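These notes concern the structure reproduced below.
Predicted model, so just to flag it, every value in this text is computed and none were measured. Note that these values count all heavy atoms, side chains included, but never hydrogens, waters or copies made by symmetry.
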Amino acid sequence: MAFCALVSKKALGSALRSGAADLGSGLCQIRRLQTFSLPDLSYDYGALEPAISGEIMKIHHQKHHQAYITNYNKALEQLDEAIQKGDTSKVVGLQSAIKFNGGGHINHSIFWKNLAPTNEGGGEPPKGALGWAIDADFGSFEALVQKMSSEGAALQGSGWVWLALDKELKKVRIETTANQLQSSMSCCSTLPGENFTGPPGDKGATSGSLLGIDVWEHAYYLQYKNVRPDYLKNIWKVINWKHASDAFDGEAA
């Protein structure tokens, strides 16, 4: 999935600093409008049961993820119009919607790939290099699961709990982020249409996302009510560690 920037960060930043009068001259450096669509899942909605119900998966994918995409595309369209008109205040004002909805789209696109039915390897502990790294940095796979579940359960409000490779420290680490912020593990520091550097603490190329778990209530409420720890206990039964291991091998290379 490509997440190249809709707007050249350098071009738009330069245009904004120069003011509306010079914005038009920077348009030649700005890419044309890009839209996004809902990605297909590689498994049926009911394939993750009983860990995650088919009803939750269908609503989560078709309604919630689609809403982020719809609102993201709308914000990008408004951004394109604002740039064409040289409306710098509108451009700046759209950044919040772009960050939230674009982050929601990217995070969910990662999340679906982090899940797999049990008959396709879901829940099988990581092997090879990632398994060794987890043992080295957390003591054991079980300790990692416990710590990641605890941090996800303790996160106030809505957000995500992530596992990533910190390339600088050469360690696997855990991080939580609020709402739909992209984590500091993201491969991209800037969303399409976003002029700023990304969420606080963004490390850009020094870290790589391996696994993300959605702890918004819409990810579990219909099945687990308000008992997030039960959801986090059971989701490990369908985590796609093969995908995480492939990501680790790619990031560590």
_Quick check: closest heavy atoms across L232 and G152, and the distance to 0.1 Å?_
CD1-C, 3.6 Å

*Heavy atoms only: give me the nearest F141-P126 pair and the separation to one decimal.*
CE1-CD, 3.4 Å

*Would you say the side chain of W236 lies within less than 4.5 Å of the side chain of M148, judging by non-hydrogen atoms?*
yes

*Is there a path of hydrophobic side-chain contacts, each under 4.5 Å between heavy atoms of I, L, V, M, F, W or Y residues, that connects V227 with I235?*
no

*For the pair W160 and F111, name the ring-plane relationship: parallel under 30°, tilted 30 to 60°, perpendicular over 60°.*
perpendicular

*Can you tell me if W162 and T176 form a side-chain donor-acceptor pair at under 3.5 Å?*
no

Kindly list each side-chain donor-acceptor pair under 3.5 angstrom involving residues 35-46, sequence neighbours excluded, with atom names and distances?
residue, atom, partner, partner atom, Å
Y43, OH, W112, O, 2.8
Y45, OH, H61, ND1, 2.8
Y45, OH, Q62, NE2, 3.1

*Can a salt bridge be assigned to the pair K147 and E151 using a cut-off of 4.0 Å between side-chain N and carboxylate O?*
yes

_As a quick check of understanding, evaluate side-chain contact (heavy atoms from CB on, under 4.5 Å) for F138 and V145, giving each step before the final call._
CA-CA 10 Å; F138 294 95; V145 169; over 6 Å; no

*Give, for atom CD1 of I239 and atom CD of E124, the distance between the pair rounded to the nearest 0.5 Å.*
13.0 Å

_Minimum heavy-atom distance between L210 and A247, given as atom pair plus value_ = CD2-C, 3.8 Å

_Looking at every heavy atom in both A75 and I98, which two are closest together, and how far apart are they?_
CB-CG1, 3.9 Å

*Are K167 and E251 within salt-bridge range, i.e. N to O under 4.0 Å?*
yes

*Given the rule in the side-chain contact (heavy atoms from CB on, under 4.5 Å) test, do I174 and L144 qualify, once you have shown the distances and angles that lead to the verdict?*
CA-CA 9 Å; I174 296 171; L144 165 72; 3.8 Å; yes

_Which atom of D87 lies closest to which atom of S89, heavy atoms considered_ = OD1-OG, 2.9 Å

*asked:* I'd like to know if the side chain of E175 reaches the main chain of A164, judged simply by a donor and an acceptor atom lying under 3.5 Å from each other, with no hydrogens or angles considered.
replied: no

*Any salt bridge between K242 and D246, counting N to O under 4.0 Å?*
yes

_Rounded distance [0.5 Å steps], NE2 in H65 versus CD1 in I69_ = 3.5 Å

*Looking only at heavy atoms, what is the nearest atom pair of P229 and A153, with distance?*
CG-CB, 4.1 Å

*State, yes or no, whether a side-chain contact exists between V238 and L115 at a heavy-atom distance under 4.5 Å.*
yes

*How many angstroms lie between OG in S140 and CG in D135, if you round to the nearest 0.5 Å?*
7.0 Å

_What's the separation between atom CD in E77 and atom OH in Y72, rounded to the nearest 0.5 Å?_
14.0 Å

*Between K171 and D137, is there a salt bridge with N-O shorter than 4.0 Å?*
yes

*Are Y221 and I52 in one and the same hydrophobic cluster, where Ile, Leu, Val, Met, Phe, Trp and Tyr link if side-chain heavy atoms are under 4.5 Å apart?*
no

*asked:* If only side-chain N and O atoms count, and only distance matters, is there a donor-acceptor pair under 3.5 Å linking Q66 with T70?
replied: yes

*Hey, does the side chain of N114 reach the backbone of G212 with a donor-acceptor pair shorter than 3.5 angstrom?*
yes

Please tabulate, for the side chains in residues 213-220, all donor-acceptor contacts under 3.5 angstrom to protein atoms that are two or more places apart in sequence or on a different chain.
residue, atom, partner, partner atom, Å
D214, OD1, W216, N, 2.9
D214, OD2, H60, NE2, 3.0
D214, OD2, H108, NE2, 3.2
D214, OD2, H218, NE2, 3.3
W216, NE1, N179, O, 3.0
H218, NE2, H60, NE2, 3.2
Y220, OH, R228, NE, 3.2

*Taking it one step at a time, do F248 and W132 satisfy ring-ring contact (aromatic ring centres under 6.0 Å, His included)?*
CA-CA 11 Å; F248 178 85; W132 299 330; 9.7 Å; no

*asked:* If I take atom CG from residue L165 and atom CG from residue L130, how far apart are they, to the nearest 0.5 angstrom?
replied: 9.0 Å

*So K74 and N71, side-chain hydrogen bond (donor to acceptor under 3.5 Å, both in side chains) or not? Walk me through it.*
CA-CA 5 Å; K74 181 180 178 181; N71 291 328; 5.7 Å; no

*asked:* Measuring from atom OG1 of T177 to atom CG of L155, what distance do you get when rounded to the nearest 0.5 angstrom?
replied: 7.5 Å

